[in-house]
Amino acid sequence: MGVQIGELVPRKEIELNNLYGRKVAVDAFNAIYQFLSTIRQRDGTPLMDSKGRITSHLSGLFYRNINLMENGIKLAYVFDGKPPAFKKREIEKRREVREEAEEKWYEALEKGDLEEAKKYAMRATRVNEALINDAKKLLELMGIPVVQAPSEGEAQAAYMAARGEVYASASQDYDSLLFGAPRLVRNVTITGRRKLPGKNVYVEVRPELIVLEEVLKELGVDREKLVELGILVGTDYNPGGIKGIGPKKALAIVKREKDPLKKYQRESEVDLYAIKEFFLNPPVTDEYELRWSEPDEEGILRFLCDEHDFSEERVKNGLERLKKAVKVGKQATLESWFGRR
DNA sequence: CGAACCCA
DNA sequence: TGGGTTCGG
């Protein structure tokens, strides 16, 4: 879900090769969630191994990582830690939405309405510990660094970008901007075809770059005001924001008022100031290492094919590409060291 | 979502 | 060759 500031944010389309030789911190939860919700059969059932364990995210991660690595992009995945206490309400709300969607999924299946079934199946997507652990395992086998955030992954990714350890944070949500990421990349995919939530319509989605400095300049605010703006329109910590206030009004308010939250704190159940403080100073850690290593081919074969019933032919194909991609990555790193780009 | 397949 | 369709697990 994330903070609802998308329509205010200036962006520029980029090509994947604009990221050549660059390190990118991916919000792991965001990526995994996307794979789990989209990689499904026609009736909405996710891909599963013979023991019924979900594998959609493994398929998505495996092939997308190869593609991005072939483009000389150095990926690191940042996993969520403990959510802040004031996220409870949103977590609860999401659970209710999922459970309701799950029921409608089964109802649609009984009626034989596949399209409807898939729609609700996607909405019923849930990410559990086992899925996260499998994702971490695959990434490690692929030689991709895994970073464990103390709290929100977006915050940790933003911190790494702000320190210059990675070029950008990658997520579909805009939260990392509020957390202070100087750059955010969205739609980092190869095919760039995405189904619109409602209809059976596909739109071209190209990778895009959002530069925090340009956002602030365009809106005429500083980061603190941007955070307040986000809180007025709604974040994961106060879903829905303030009733009756959309992006435009919110922008006007934060530019006009010295303390825009004051007036709305009264009508809000959650502590808006705590949310603001969290965005400005989130828990982050320096205890991580961005070290890219050789993929463990045997390990990947065992994990994907033996344990999770992936086709050996397909995975071996992938491994061949992966090996070459690692070389591309090394070359890309060298070129960036010697300042050729 | 992305790979593989298919047919013009 | 490439755009649409189906499969993958």
Side-chain angles (χ1 to χ4, degrees), chain A residues 15-17 19 24 26-73 75 77 105 109 114-115 117-128 130-135 137-139 141-142 144 170-173 185-208 295 299-325 328:
Chain A
E15 300 294 329
L16 231 36
N17 52 23
L19 299 175
V24 171
V26 182
D27 177 17
F29 181 87
N30 195 269
I32 290 168
Y33 184 88
Q34 230 109 41
F35 288 134
L36 288 173
S37 83
T38 55
I39 304 182
R40 285 168 186 268
Q41 306 170 69
R42 244 197 307 282
D43 66 353
T45 313
L47 302 186
M48 289 182 298
D49 64 20
S50 57
K51 290 181 177 160
R53 295 172 300 197
I54 293 174
T55 54
S56 294
H57 60 315
L58 300 179
S59 176
L61 281 171
F62 183 62
Y63 294 111
R64 179 179 291 175
N65 288 338
I66 291 170
N67 278 323
L68 298 180
M69 289 166 74
E70 283 176 336
N71 280 270
I73 303 172
L75 300 166
Y77 279 78
W105 176 18
L109 278 181
L114 288 186
E115 202 169 315
K118 188 162 183 180
K119 184 175 90 184
Y120 286 114
M122 291 173 76
R123 210 173 289 178
T125 298
R126 61 171 153 236
V127 182
N128 62 33
L131 266 38
I132 295 287
N133 289 338
D134 278 350
K137 177 154 185 195
L138 177 61
L139 292 168
L141 289 169
M142 293 181 81
I144 294 169
S171 175
Q172 290 305 105
D173 293 344
V185 288
R186 301 180 72 246
N187 305 335
V188 184
T189 61
I190 290 293
T191 50
R193 231 168 64 106
R194 184 155 302 154
K195 195 169 170 294
L196 286 175
K199 279 280 184 213
N200 240 346
V201 183
Y202 287 88
V203 285
E204 273 291 311
V205 275
R206 316 209 111 270
E208 59 191 28
I300 291 172
L301 278 170
R302 275 200 301 273
F303 183 59
L304 291 184
C305 303
D306 297 350
E307 278 190 55
H308 291 297
D309 304 314
F310 278 58
S311 138
E312 196 165 306
E313 189 191 343
R314 281 179 175 234
V315 171
K316 280 183 172 165
N317 269 339
L319 287 176
E320 287 311 307
R321 291 174 57 203
L322 178 59
K323 276 190 283 184
K324 291 194 185 122
V328 173

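Sequence lines set the chain letters: A, B, ... in the order given, protein chains first and strands last, and positions in each chain run from 1.
A donor-acceptor pair is defined here as one N or O able to donate and one able to accept, closer than 3.5 Å; no such pair exists between the side chain of A/Glu70 and the backbone of A/Leu322. Looking at A/His308, its side chain never comes within 3.5 Å of a backbone N or O of A/Thr55 through a donor-acceptor pair.
Rounded to whole Å, the distance from CZ on A/Arg314 to C1' on B/dA4 is 6 Å. Distance CD1 (A/Ile300) to C1' (C/dG9): 17 Å, rounded to an integer number of Å. Distance NZ (A/Lys118) to C1' (C/dC7): 11 Å, rounded to an integer number of Å. The CG-C1' distance, from A/Asp43 to C/dG9, rounds to 13 Å in whole Å. Between the P atom of B/dC1 and the OH atom of A/Tyr33 lies a distance of 13 Å, rounded to the nearest Å. In this structure, the CG atom of A/Asp49 is 7 Å from the C1' atom of C/dG9, given to the nearest Å. Regarding A/Phe62, its CZ atom lies at a distance of 11 Å from the P atom of C/dG9, rounded to whole Å. A/Phe310 places its CZ atom 15 Å from the C1' atom of B/dA4, with the value rounded to the nearest Å.
Taking the charged nitrogens against the carboxylate oxygens, A/Arg53 and A/Asp49 do have a contact shorter than 4.0 Å, which makes a salt bridge. Between A/Lys118 and A/Glu115 there is no salt bridge, since none of the side-chain N atoms of the basic residue sits less than 4.0 Å from a carboxylate O of the acidic one.
Regarding contacts with the backbone of B/dC1, every side-chain N or O of A/Asn67 stays at 4.0 angstrom or more from both OP1 and OP2. For B/dG2, the OP1/OP2 oxygens have no side-chain nitrogen or oxygen of A/Asn65 closer than 4.0 Å. For B/dG2, the OP1/OP2 oxygens have a side-chain nitrogen or oxygen of A/Arg64 closer than 4.0 Å.
Side-chain atoms of A/Thr45 and A/Asp43 form a donor-acceptor pair, as typed in the model, at a separation below 3.5 Å. Of the N and O atoms on the side chains of A/Ser59 and A/Arg314, not one donor lies less than 3.5 Å from an acceptor on the other residue.
Contacts of A/Arg40 with the nucleic acid, taken as non-hydrogen atoms under 4.0 Å apart, include base atoms. Nucleic acid contact for A/Ser50: none, since no nucleic acid atom lies under 4.0 Å from a heavy atom of the residue. Within the 4.0 angstrom heavy-atom criterion, only backbone atoms of the sugar-phosphate kind lie near A/Thr55; the bases stay farther away.
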Anything under 3.5 Å between a protein N or O and an N or O of nucleotides 1-3 of chain C, put it in a table, one pair a line.
none

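Between A/Leu16 and A/Thr189, the shortest heavy-atom contact is CD2-O, 3.8 Å.
For A/Thr189, counting side-chain heavy atoms from C-beta on, the closest listed nucleotide (C/dT6, C/dG9, B/dG2) is B/dG2. When the nucleotides B/dA3, B/dC1, C/dG9 are ranked by their closest atom to the side chain of A/Leu47, C/dG9 comes out on top. The side chain of A/Asn317 sits closest to B/dA4 out of B/dC1, B/dA4, C/dG9.
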